[in-house]
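All remarks here apply to the structure that follows.
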Amino acid sequence: MKNVVFYGGGNISQAVAEGLIKSGYEKNKIFYVDRNPKNKRILEKLQINNLEGNNTVKVDLFILAVKPKDAINAYKEILKKYERPKIISFVAGIKSKRYLKINQDIEFLRAMPNTSSKFNLGITAIFNSSFRKNNLKKVISLFKRIGMTIELEKEVKIDGFTGMVGSGPAYFFYLLKSYEKKLMSLCNKDKKKVNDIMVNLMKGISLSIEKDNLDNLIMAVASKKGTTEAGLKSFKSNKLDKIFEQGLDSAIKRSREISDE
Ligand SMILES: NC(=O)c1ccc[n+]([C@@H]2O[C@H](COP(=O)([O-])OP(=O)(O)OC[C@H]3O[C@@H](n4cnc5c(N)ncnc54)[C@H](OP(=O)(O)O)[C@@H]3O)[C@@H](O)[C@H]2O)c1
């Protein structure tokens, strides 16, 4: 893949583009199409090119990254201007067959990345609909530049990855908000100190997960009748695990609903 175009240059495109640039992908091979002035400014800062006005560019790959409500229109716009395009859809919910019903003469696949791609720590689930084998290989190596890839054998699984991985970072940011609130009062509202504490905590947690299983890690912190045990008991009696699971299920359900809308 040489020239890659992000069709819709919002949050997820910016994260993936940043990761690609960090991985050494040449900026002059990354393009965007976007109508939102704020996003255009961010993309220009990243020094990637606006496809509009660049009529001679041979596009090798489109990444469709607009909200689900805009997806079919944006897809049709691509088809109007480009013959037999290769298109990757980041769009949650909308199934391949809806796109392929409009035009089958394309190579199409769905990919579900997350915003950690920005730091080359992304997780991208991929379901191939009609990419040729050699082109699929190229797509996979493109996403490997920004983290890990998971190939899915069934399209239905992408809803699970949308709810768990695409949306995943937000759940942990959300949980950290209560943590941040308490730390702010402990650290006399010193935002920098609070941020540093949270960063070290999360870095330590990720290194720990690499080394041991979660039950052992909990046991290594919690001692009988200690503070951790008191905290954990309260979480358990308030069924925090069930509440968290319900949240994940709701996200997966929503992804399925979007496919039916
Ligand atoms: N954000 C994530 O972490 C994440 C992760 C995985 C997958 N996804 C999926 O990726 C897609 C994009 O999400 P996002 O959060 O990046 O959305 P976003 O921030 O709203 O970005 C979408 C951009 O596309 C523009 N746009 C829409 N239709 C267009 C068109 N026809 N021509 C030109 N520009 C157009 C929008 O402009 P306006 O603002 O003017 O509408 C907006 O700037 C969604 O379908 C989502 O399900 C997102």
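Both backbone and side-chain heavy atoms feed into the values below; hydrogens, waters and symmetry mates do not. Both ligands and their constituent atoms are indexed starting at 1 by order of listing.
Residues that satisfy the side-chain contact (heavy atoms from CB on, under 4.5 Å) test with Lys192, not counting sequence neighbours, are Asp190, Asp196. Not counting sequence neighbours, Lys69 has no partner by the salt bridge (charged side-chain N to carboxylate O under 4.0 Å, His left out) test.
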* Step by step, would you call Met202 with Leu176 a side chain to side chain contact (heavy atoms under 4.5 Å, CB included)? -> CA-CA 10 Å; Met202 296 313 280; Leu176 276 177; 4.1 Å; yes
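Among pairs with a residue in residues 105-130, those fulfilling salt bridge (charged side-chain N to carboxylate O under 4.0 Å, His left out) read Glu18-Lys118, Arg84-Asp105, Glu107-Arg132, Arg110-Glu155, at least two apart in sequence or across chains.
Shown here is Phe235, whose CZ atom has no more than 12 heavy atoms of other residues, nucleotides or ligands within 6.0 Å.
Contact shell of ligand 1 (protein heavy atoms, cutoff 4.0 Å): Tyr7, Gly8, Gly9, Gly10, Asn11, Ile12, Asp34, Arg35, Asn36, Asn39, Ala65, Val66, Lys67, Pro68, Asp70, Ala74, Glu77, Phe90, Val91, Ala92, Met112, Pro113, Thr115, Gly166.
For the pair Met112 and Thr124, the minimum side-chain heavy-atom distance is 4.5 Å or more.
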